[in-house]
Peer 1: 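Take a look at the following structure, please.
Keep in mind that this is a model prediction, so the values were computed, not measured. FYI, side chains are in, hydrogens and waters are out, and symmetry mates aren't considered; it's all heavy atoms of this structure. In what follows, chains carry the letters A, B, and so on, assigned in the order in which the sequence lines appear, proteins first and then strands, with residues in each chain numbered from 1.
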Amino acid sequence: MRIATWNVNSLRVRLGHVLDWLAAAQPDALALQETKLPDEDFPAAAFREAGYEVAFAGQKTYNGVALVSRTPLTEILTGLPGYPDAQRRVLAGTLGDVRVFNLYVPNGESTSSEKYQYKLAWLAALRAALAEELTRHPRLIALGDFNITPDDRDVHEPELWAGKGLCSEPEREALRRLLALGLDDAFRLFEQPEGSFSWWDYRAAAFRRGMGLRIDLILSSGALSARCRSCSIDKRPRALERPSDHAPVVAEFDIG
DNA sequence: ATGGTGGCGCGGCCA
């Protein structure tokens with residue numbers, strides 16, 4: 001199974017890029033974040049014509065997540081159980097015997113922001129939800145825009161980012177607590193080039209200058225990590241005209 | 001250079 005995640009920063013603007021990428025990369029499933037579309041505007045027909053089923057949980061202007069997959073998802077869940085939230089950030093479903101969680105973790109802004117407290121509370125609720133799901137689904141993948149750099153290898157200039165939002169110790173600790181449930185950062189199961197990032201600010205020519213962060217992650221439960229054959233970032237779409245500020249991340253698992 | 005760019009949607013928020 002080939003599965004990918006991509007924060008597209010408006011599916012309306014990026015639909016062409018996404019369809020082109022699906023045709024080229026041929027994933028079995030793709031998790032999208034920041035679709036920024038109400039459900040009535042979701043371009044389901046375009047995906048079906050490309051041979052993909054769709055599930056989505058969107059809203060106007062902000063947030064919004066979707067899963068496109070070769071076979072339809074079952075047991076679809078939106079949101080985190082016990083954590084009422086108007087922001088559409090979670091969409092889970094089952095493919096075969098694999099439970100898939102598509103996540104758009106709150107950005108958190110700066111560490112002094114109210115949004116940062118929301119982010120940490122949200123991550124605690126996510127941890128509880130994943131812990132419960134893992135009791136029933138030993139094969140689980142949680143992927144998406146985590147808005148957290150796991151460690152300083154994932155930061156272009158760690159001294160500049162030290163302690164700041166996306167790189168602060170409480171956020172990294174929250175991520176480690178997710179991993180402690182029995183999940184692996186699939187990217188780090190393999191040797192990777194230095195300076196591997198998945199997001200580059202639109203400003204200051206950050207992509208051209210290689211100034212990015214790795215905040216888009218694919219976490220796999222141990223049962224799947226043992227079958228993970230590769231995990232990589234596809235930077236090519238970030239170099240297109242009018243790109244998303246994120247690149248897709250892809251993992252391949254020997255299952256099925 | 002305490003800025004810069006982009007999406008949404010038309011002023012200001014969010015990333």
Side-chain angles (χ1 to χ4, degrees), chain A residues 5-21 30-43 46 56-66 79 85-91 102-123 126 143-150 154-168 170-172 174-175 197-217 233-249:
Chain A
T5 177
W6 194 3
N7 180 323
V8 291
N9 184 23
S10 169
L11 186 55
R12 228 188 285 273
V13 173
R14 237 64 71 186
L15 181 60
H17 286 3
V18 173
L19 293 173
D20 288 348
W21 190 81
L30 170 62
L32 301 169
Q33 301 89 37
E34 286 204 87
T35 56
K36 299 186 175 180
L37 286 171
D39 288 346
E40 57 267 30
D41 292 342
F42 193 88
F56 41 84
Q59 65 186 101
K60 188 170 135 70
T61 310
Y62 301 118
N63 309 309
V65 283
D85 190 353
Q87 302 188 28
R88 297 284 183 252
R89 297 180 175 279
V90 180
L91 177 62
N102 177 15
L103 306 170
Y104 176 45
V105 176
N107 176 286
E109 207 176 58
S110 65
T111 55
S112 58
S113 165
E114 275 182 26
K115 298 193 189 91
Y116 184 79
Q117 295 307 318
Y118 164 59
K119 180 180 197 174
L120 294 179
W122 193 96
L123 286 164
L126 173 64
L143 78 173
D145 178 359
F146 281 73
N147 272 315
I148 302 172
T149 55
D154 306 307
V155 183
H156 67 89
E157 202 176 342
E159 304 77 18
L160 181 71
W161 283 87
K164 293 187 175 164
L166 312 183
C167 301
S168 73
E171 294 166 82
R172 288 178 171 176
L175 178 61
F197 308 124
S198 65
W199 171 85
W200 300 262
D201 200 308
Y202 284 122
R203 296 165 289 188
F207 181 66
R208 183 176 58 72
R209 298 160 67 190
M211 298 165 59
L213 302 175
R214 189 174 70 92
I215 55 177
D216 300 273
L217 310 177
I233 300 165
D234 186 353
K235 287 167 66 172
R236 293 171 299 178
R238 185 63 178 80
L240 297 172
E241 287 295 315
R242 214 178 173 191
S244 168
D245 45 352
H246 296 251
V249 184

Peer 1: Are there over 12 heavy-atom neighbours, none belonging to A:Glu114, within less than 6.0 Å of that residue's CD?
Peer 2: no
Peer 1: Which atom names give the shortest non-hydrogen contact between A:Val18 and A:Val8, and what distance separates them?
Peer 2: CG2-CG1, 3.6 Å
Peer 1: For a quick check, with a 4.0 angstrom heavy-atom cut-off, what is the B/S/- contact string for nucleotides 6-15 of chain B, read 5' to 3'?
Peer 2: SSSS---BSS
Peer 1: With sequence neighbours left out, write down each residue that passes ring pair (Phe, Tyr, Trp, His ring centres under 6.0 Å) with A:Phe207, or none if nothing qualifies.
Peer 2: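 Ring pair (Phe, Tyr, Trp, His ring centres under 6.0 Å) check on A:Phe207 returns A:Trp200.
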Peer 1: List for me each residue that meets ring pair (Phe, Tyr, Trp, His ring centres under 6.0 Å) alongside A:Phe197, sequence neighbours excluded, and say none if there are none.
Peer 2: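 Checked A:Phe197 against ring pair (Phe, Tyr, Trp, His ring centres under 6.0 Å); zero matches.
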Peer 1: Over all heavy atoms of both residues, which pair between A:Arg172 and A:Val155 is shortest? Give the atoms and the distance, please.
Peer 2: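 So the two residues come closest at NH2-CG2, 3.6 Å.
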Peer 1: Using a strict heavy-atom distance below 4.0 Å, which residues from residues 161-168 of chain A are in contact with DNA chain B?
Peer 2: none
Peer 1: Could you go through residues 157-164 of chain A and list every donor-acceptor pair under 3.5 Å that involves a side-chain atom there, pairing it with any protein atom two or more places apart or in another chain?
Peer 2:
residue	atom	partner	partner atom	Å
A:Trp161	NE1	A:His156	NE2	3.0
A:Lys164	NZ	A:Leu160	O	3.1

Peer 1: Determine the interatomic distance between P on B:dG7 and the same-named atom on B:dG3; round to the nearest Å.
Peer 2: 22 Å
Peer 1: Would you measure the distance from the P atom in B:dA1 across to the matching atom in B:dG12 and give it in whole Å?
Peer 2: 29 Å
Peer 1: Sequence neighbours left out, what passes side-chain contact (heavy atoms from CB on, under 4.5 Å) with A:Asp39? Give chain and number order.
Peer 2: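 Scan of A:Asp39 (side-chain contact (heavy atoms from CB on, under 4.5 Å), adjacent residues dropped) gives A:Phe56.
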Peer 1: Of all heavy-atom pairs between A:Arg242 and A:His17, which one has the smallest distance, and what is that distance?
Peer 2: O-NE2, 3.4 Å
Peer 1: For atom C1', what is the distance between B:dC10 and B:dC14, given to the nearest Å?
Peer 2: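 Rounded to whole Å, the distance is 16 Å.
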